[in-house]
Amino acid sequence: MKYLYLVVCSLLIIACKGQGKTDLSTLRLNESIEDLIDFKNKNMVEVNTVEYPFCLFIEIDNSEKFTFDGIDLKGQKVFFQINSERLKTDSITKFGGGHFDMQGFKDKKELAAILKKQKADPTIYGFRIEMKTPALKKEILKKLESRYGKGIKNPNTDNGLYWNVKKDNRYIFYAPDYDRLIILNNINLSKTCYWDAMNGLIDFGGCDNESYTKELTKNRTDSKDIKDKPVIKIDKNWNINGLTLGTSTEADFVKSSLNKNFERITTVDSKGDLKELMQQNTYNNFHFYFTAGKNGENDQENNILKGYAINDFEAVEVSFENQLKKGMKGEDVLKIIGKNDVVGDPGLKYSNYLEIKNPAYKINLIFDDNKLFSSMYVLKKE
């Protein structure tokens, strides 16, 4: 009798421990964000154009509360994907590089405000699971194959597989080379194409990549359609419209003639510490970067201008005191700058930029696909 009592207690303990866990494999992938997360935890809405550029992420801080078809996910990152209309622009991805932005929220009201700002849905359309160990990768693959059969070889990676499960409206991307399992509700996605940085371009049949990319960036504004372009003047010391790097403050910028269509953005790291402070203008596609002052990022009188980026000369009216002009060829730029004052690849054979030697600033002049001077950034060195 005592033995039976112990067995029953043990079973009850196991059952209690299993309660409250969500099996990601059973989700419809249209669930409310609020129903999936725990507001008691440290939650972040994340823009990550390295991982995937056209949606928002919520990275889960308590992955032990989730399983995948019975597999414990403790210690693995779990991400929910959220559609964001605001991010369907090529203003970031067009010029390469990555953009990372995290914003924390403590309750439903703060979450709703972030979603409104990003023109995002209150529901998820997919998730990503980190797979850090060979054993976990093997276990997850076994579960996938038992449910969906053998996957299709991803031609873009060494070991990647994918499934197009039409009856369930699901795309499944098993990307062990990048430690990711990605499962998406494809009702509102392209039925012929898929792309992300970890899988490359997948052609489900009849993929028109140009049309697909155009749809993904449907909210972009073509430079030729921009009106009332801001007038930008770069002096011979690479300062901009009378604002001096390392001296001018954020308050000086706010009072300047340039401050139109700008939005103040702060980004934090995974610990919640300030990572970047900037004023960004996504319509004309240029940005100003600041170093937070002694009183923190909200004291604009003490935040110091440390750099700027003009990402598309066609979206602004720009002139240079040193006689540079937009649309110049690299060899013509070198006639003004001087070959000996350029770091790296002056012939632009292996890169698309010229880095200018300067003791105080890091200066990159960037050239487009036709090797014409099209954008730039200047950043004060630490």
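No hydrogens, no waters, no symmetry mates; every other heavy atom, side chains included, goes into these values.
Put simply, the side chain of Ser190 gets close to the backbone of Thr192: a donor and an acceptor are under 3.5 Å apart. Between the side chain of Lys153 and the backbone N or O of Thr157, at least one donor-acceptor pair lies under 3.5 Å. In this structure a side-chain-to-backbone donor-acceptor pair under 3.5 Å is present from Asn284 to Ala315. Distance alone, capped at 3.5 Å, is enough to place a donor-acceptor pair between the Asn241 side chain and the Lys233 backbone. Proximity of a side-chain donor or acceptor of Asp235 to a complementary backbone N or O of Gly242 within less than 3.5 Å is not detected. Distance alone, capped at 3.5 Å, places no donor-acceptor pair between the Asp121 side chain and the Thr123 backbone. Looking only at distances, a side-chain donor or acceptor of Lys191 sits under 3.5 Å from a matching main-chain atom of Asn186. In this structure, Asn261 contributes its side chain and Tyr283 its backbone to no donor-acceptor pair below 3.5 Å. Using a distance-only test at 3.5 Å, with no hydrogens or angles considered, no donor-acceptor pair links the side chain of Asn154 to the main chain of Leu161. Looking only at distances, a side-chain donor or acceptor of Asn43 sits under 3.5 Å from a matching main-chain atom of Asp38.
Contact annotation: the side chain of Thr291 never approaches that of Leu277 to less than 4.5 Å [non-hydrogen atoms, C-beta and beyond]. Residues Gln118 and Gln103 fail the side-chain proximity criterion, which asks for heavy atoms closer than 4.5 Å. Counting heavy atoms from C-beta outward, Asn41 and Ile37 have side chains that stay 4.5 Å or more apart. Looking at Phe367 and Leu354, their side chains come closer than 4.5 Å, going by heavy atoms from C-beta outward. When side chains are defined from C-beta on, Asp107 counts as touching Glu110, because their heavy atoms get closer than 4.5 Å. Counting heavy atoms from C-beta on, the side chains of Ile58 and Phe105 come closer than 4.5 Å. Looking only at side-chain heavy atoms (C-beta outward), Tyr361 and Asn237 stay at 4.5 Å or farther from each other. Between Tyr52 and Ile182 there is no side-chain heavy-atom pair separated by less than 4.5 Å.
Side-chain atoms of Asp177 and Asn159 include a donor-acceptor pair closer than 3.5 Å. With no hydrogens or angles considered, no side-chain donor-acceptor pair links Gln279 and Asn281 at under 3.5 Å. Looking only at atom types and distance, the side chain of Ser256 has no donor-acceptor partner in the side chain of Asn259 under 3.5 Å away. Between the side chains of Asp23 and Ser25, at least one donor N or O lies within less than 3.5 Å of an accepting N or O.
In Lys381, the NZ atom is crowded: over 12 heavy atoms of neighbouring residues, nucleotides or ligands sit closer than 6.0 Å. Residue Asn188 qualifies as open at atom CG: its count of foreign heavy atoms under 6.0 Å is 12 or below. The 12-atom threshold is exceeded at NZ of Lys357, counting heavy atoms of other residues, nucleotides or ligands nearer than 6.0 Å. In Tyr162, the OH atom is crowded: over 12 heavy atoms of neighbouring residues, nucleotides or ligands sit closer than 6.0 Å. No more than 12 heavy atoms of other residues, nucleotides or ligands sit less than 6.0 Å from atom CG of Asp228. Heavy atoms from other residues, nucleotides or ligands lying under 6.0 Å from NZ of Lys116 number 12 at most.
Ring orientation note: the planes of Phe57 and Phe79 are tilted relative to one another, at an angle of 30° to 60°. By the 30° and 60° cut-offs, the orientation of the rings of Tyr289 relative to His287 is parallel. Between Phe313 and Phe373, the angle of the ring planes goes over 60°, which puts this pair in the perpendicular group of the 30/60° scheme.
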Pair Leu258-Ile232, side chain to side chain contact (heavy atoms under 4.5 Å, CB included): steps then yes or no:
CA-CA 8 Å; Leu258 286 174; Ile232 297 175; 4.1 Å; yes
Show the numbers, then the answer: is there a side chain to side chain donor-acceptor pair (under 3.5 Å) between Asn185 and Tyr125?
CA-CA 5 Å; Asn185 180 338; Tyr125 76 94; over 6 Å; no
Under the side chain to side chain contact (heavy atoms under 4.5 Å, CB included) rule, what do Phe66 and Phe127 come out as? Steps first, then yes or no, please.
CA-CA 12 Å; Phe66 295 91; Phe127 62 81; over 6 Å; no
Derivation and outcome, side chain to side chain contact (heavy atoms under 4.5 Å, CB included), residues Tyr353 and Met376:
CA-CA 9 Å; Tyr353 67 92; Met376 66 180 294; over 6 Å; no
Under the side chain to side chain contact (heavy atoms under 4.5 Å, CB included) rule, what do Thr249 and Asn302 come out as? Steps first, then yes or no, please.
CA-CA 6 Å; Thr249 66; Asn302 284 291; over 6 Å; no
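Of all heavy-atom pairs spanning Lys371 and Leu348, the tightest one is NZ-O, 2.7 Å. Minimum interatomic distance between Ile226 and Lys229 (heavy atoms only, all atoms of both residues): O-CE, 3.5 Å.
Under the 4.0 Å criterion applied to side-chain N and carboxylate O atoms, Glu215 and Lys88 are not assigned as salt-bridge partners. Arg147 and Asp168 are not joined by a salt bridge, as no carboxylate oxygen comes within less than 4.0 angstrom of a charged side-chain nitrogen. A salt bridge links Glu355 with Lys362: at least one charged nitrogen is closer than 4.0 Å to a carboxylate oxygen.
In the hydrophobic clustering, Val343 connects to no other residue, as no ILVMFWY side-chain heavy atoms lie under 4.5 Å from its own.
Following chains of ILVMFWY side-chain contacts shorter than 4.5 Å, one can reach Met328 starting from Ile356, so the two form part of one hydrophobic cluster. Under the 4.5 Å side-chain heavy-atom criterion for Ile, Leu, Val, Met, Phe, Trp and Tyr, Val333 and Ile234 are members of the same hydrophobic cluster. Taken together through direct or relayed side-chain contacts under 4.5 Å among Ile, Leu, Val, Met, Phe, Trp and Tyr, Ile71 and Tyr174 form part of one hydrophobic cluster. Residues Trp163 and Leu27 share a hydrophobic cluster, clusters being chains of Ile/Leu/Val/Met/Phe/Trp/Tyr side chains in contact below 4.5 Å. Val165 and Ile187 are assigned to two separate hydrophobic clusters, defined by single-linkage of ILVMFWY side chains at heavy-atom distances under 4.5 Å.
Between Asn285 atom CG and Glu314 atom CD the span is 12.0 Å, to the nearest 0.5 Å. Atom CG of Leu73 and atom CD1 of Ile129 lie 5.0 Å apart (nearest 0.5 Å). With rounding to the nearest 0.5 angstrom, the CD1 atom of Ile124 is 5.5 Å from the CG atom of Leu29. With rounding to the nearest 0.5 angstrom, the CD1 atom of Ile202 is 10.5 Å from the SG atom of Cys193. Rounding to the nearest 0.5 Å places CE of Met44 at 9.5 Å from CD1 of Ile114. Lys117 NZ to Ser84 OG: the interatomic distance, rounded to the nearest 0.5 Å, is 11.0 Å.
Residues Phe253 and Phe262 bring their aromatic ring centres within 6.0 Å.
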Please output the side-chain donor-acceptor pairs of residues 130-146 that fall under 3.5 Å, not counting sequence neighbours, one pair per line with the distance.
{"unit_1": "Glu130", "atom_1": "OE1", "unit_2": "Lys77", "atom_2": "N", "d": "3.0"}
{"unit_1": "Lys132", "atom_1": "NZ", "unit_2": "Gly75", "atom_2": "O", "d": "3.3"}
{"unit_1": "Thr133", "atom_1": "OG1", "unit_2": "Leu136", "atom_2": "N", "d": "3.1"}
{"unit_1": "Lys137", "atom_1": "NZ", "unit_2": "Pro176", "atom_2": "O", "d": "3.0"}
{"unit_1": "Lys137", "atom_1": "NZ", "unit_2": "Asp179", "atom_2": "OD1", "d": "2.7"}
{"unit_1": "Lys143", "atom_1": "NZ", "unit_2": "Asp69", "atom_2": "O", "d": "3.1"}
{"unit_1": "Ser146", "atom_1": "OG", "unit_2": "Lys142", "atom_2": "O", "d": "3.4"}
{"unit_1": "Ser146", "atom_1": "OG", "unit_2": "Lys143", "atom_2": "O", "d": "2.7"}

